[in-house]
Number of protein chains: 2
Amino acid sequence: MNSDVHTVVIVDDHLLLSGSLEKLINSFEGFQVLFHASNGRELQLKLKKESKKPSVILLDINMPVMDGFETAEWLTEHHPDIKFLALSMEDDEQTILKMLRKGAKGYLLKDIHPDKLKIALQETVSKGFYHSDKVATTMLHALHNNNKASEESFKENELIFLQLACSEMTYKEIADQMNLSPKTIDGYRQELFNRLHIKNRVGLVIYALKNNLIHI
Amino acid sequence: MNSDVHTVVIVDDHLLLSGSLEKLINSFEGFQVLFHASNGRELQLKLKKESKKPSVILLDINMPVMDGFETAEWLTEHHPDIKFLALSMEDDEQTILKMLRKGAKGYLLKDIHPDKLKIALQETVSKGFYHSDKVATTMLHALHNNNKASEESFKENELIFLQLACSEMTYKEIADQMNLSPKTIDGYRQELFNRLHIKNRVGLVIYALKNNLIHI
DNA sequence: AAAAAAATCAGGAAAAATCCCCTTCGCAAA
DNA sequence: TTTGCGAAGGGGATTTTTCCTGATTTTTTT
């Protein structure tokens, strides 16, 4: 294994994808898969054990135990020298931006052509980042109307309320759970209805689901 | 290409998965990928054009244009000699049973180990089917309490109501839409609450989402 | 055709959700 | 110091949801 071979680590809970992805990447000239992990926790352990550090990490977002967001934070904090690319099926703006803000050097959708993956890996090691046209467009779009971003950014309590609202709890029960007055909860509700242009609690649930604010 | 090589076709809209899966399958002794399709419609066209018929088809469920269910029906109808395995991330009982009823020779979860895929392909060509422990258990479970199945089977109007209830419409508006009295709608609601053990409309929405009765 | 079962619809009431306008408090900017 | 702002909370009214019980009509079974 000579020194100009770049090593890759795959973090994904779908064994079939990570296993076959390994075959694909090993077929790319100049790239070699070092190991897999099926979640962030496992990645932490294996990085500690391995003496060799990977050139690039392919990081899935939806994983059990420790998901892509947490893992991205940890990587940026503890291994700022290792570049990582997010790899996900979600193509919504919020998710993409969130991963890029957490330090991802690029964002790959799982339905890209295998050749694109090769290009992404090559550019990541050579230029330090890779942004597909779609992601670049998304970033521009986000910059362009960050006014709309305010509509879709939530305060901590709003997020908690949002998640509890997507359950069978009554508002009174939610108020108890959050140690707040039912009237305060009513305030959160009204504010969100206005901001998101929705008419009732079902709309709230649908919104939260569509925007990956909760997952069921 | 000698005659004891079994050919495989992959139907999946995630190019990255199907592309890398091809590498994996080609590395299995005795197996060779014939071609891909990214949905059922494309499969139809390519099967017509190709003179060679595949031994096995790996069929994803969630696809645009023509999904796995439709494709399974078409295959069973027009190519009963081609065996196909369902390949999906959904592990809920309803989906598994639905695919098996439509003629799938097995059901593979996308998080299986690559070695399992090899075994599945081998058993499918040799024995004609492959059922993992998990799927076998699910089938037994389904047979065991098909009473519960009645809990989870819906009449036409119940399904329509369920879908409309997952919107911002009031029950009165739903009644108008369905040309029924609001009191009838109230009856549907009450009946579903009892049968599904849920307490309010949010529970209904969550249930519908979890069981793929609607998709947003 | 008669009986049974299922679907549709109603009355009435309590609980929850929704809406609108208002007060207080703390904190920070002017 | 005053002014302004946002978060927490309140009063009170209306609409919608939820629940329970019973009646009528339609469909199915016998």
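To find a chain, count down the sequence lines: A is the first, B the second, and so on, and within it residues start at 1.
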pair B:Asp91-B:Lys134: side-chain heavy atoms closer than 4.5 Å: yes
How long is the line joining CZ of A:Arg201 and P of C:dT18, in whole Å? 8 Å
Separation of B:Asp176 CG from B:Met169 CE (nearest 0.5 Å): 8.0 Å
Taking side chain as C-beta onward, heavy atoms only, is B:Leu43 less than 4.5 Å from B:Met66? no
Answer yes or no: is there a side-chain heavy-atom contact under 4.5 Å between B:Asn157 and B:Met178? yes
Closest approach of B:Thr76 and B:Lys102, non-hydrogen atoms and distance? OG1-O, 2.7 Å
Going by heavy atoms in the side chains, are A:Val9 and A:Ile57 under 4.5 Å from each other? yes
Which of residues 158-169 of chain A sit near DNA chain C, with a heavy atom under 4.0 Å from it? none
Given A:Leu100 and A:Phe129, is the side chain to side chain contact (heavy atoms under 4.5 Å, CB included) satisfied, shown in steps? CA-CA 11 Å; A:Leu100 292 181; A:Phe129 64 90; over 6 Å; no
First of B:Pro182 and B:Asn200 reached from the 5' end of DNA chain C, by closest nucleotide: B:Pro182
Will you find, in the side chains of B:Tyr171 and B:Asp186, an N or O donor that is under 3.5 Å from an N or O acceptor? no
If a protein heavy atom is under 4.0 Å from the base, mark B; if only from the sugar-phosphate, S; if neither, -; do that for nucleotides 19-27 of chain C going 5' to 3'. B--------
Identify, with sequence neighbours excluded, every residue that meets side-chain hydrogen bond (donor to acceptor under 3.5 Å, both in side chains) alongside B:Lys127. B:Glu123
Looking at every heavy atom in both B:Leu162 and B:Leu213, which two are closest together, and how far apart are they? CD2-CD2, 3.5 Å
Protein-nucleotide distance (B:Tyr171, atom OH; D:dT16, atom P), rounded to Å: 13 Å
Within a strict 4.5 Å, meaning less than it, do heavy atoms of the A:Ile25 and A:Ile10 side chains meet? yes
Gap between atoms CD and P, on B:Glu191 and D:dC20 respectively (whole Å): 14 Å
Is any side-chain heavy atom of A:Leu47 closer than 4.5 Å to one of A:Phe35? yes
Starting at atom NZ of A:Lys172, determine the distance to atom C1' of C:dT18, rounded to an integer number of angstrom. 18 Å
How far apart are the C-alpha atoms of B:Asp60 and B:Lys110, what are their side-chain angles, what is the distance that settles it, and do they pass the salt bridge (charged side-chain N to carboxylate O under 4.0 Å, His left out) test? CA-CA 9 Å; B:Asp60 187 29; B:Lys110 281 191 179 172; 3.4 Å; yes
For a 4.5 angstrom cut-off between non-hydrogen side-chain atoms, does B:Leu192 reach B:Tyr207? no
What does the inter-axis angle of the helix from C:dA1-D:dT30 to C:dA30-D:dT1 come out as, five pairs per end, nearest 10 degrees? 40°
Close N/O contacts between protein and nucleotides 4-8 of chain D (under 3.5 Å):
{"unit_1": "D:dA7", "atom_1": "OP1", "unit_2": "A:Lys155", "atom_2": "NZ", "d": "3.2"}
{"unit_1": "D:dA8", "atom_1": "OP1", "unit_2": "A:Tyr188", "atom_2": "OH", "d": "3.4"}
{"unit_1": "D:dA8", "atom_1": "OP2", "unit_2": "A:Tyr188", "atom_2": "OH", "d": "2.6"}

Give the C-alpha distance, both sets of side-chain angles, the deciding distance and a yes or no for salt bridge (charged side-chain N to carboxylate O under 4.0 Å, His left out) between A:Glu158 and A:Arg195. CA-CA 12 Å; A:Glu158 281 180 334; A:Arg195 236 166 59 210; 2.9 Å; yes
N/O-N/O pairs, protein side and nucleotides 22-27 of chain D side, under 3.5 Å:
none

Under a 4.5 Å cut-off applied to non-hydrogen side-chain atoms, are A:Tyr130 and A:Val135 in contact? no
Given atom CD of B:Glu173 and atom C1' of D:dT16, what is their separation to the nearest angstrom? 11 Å
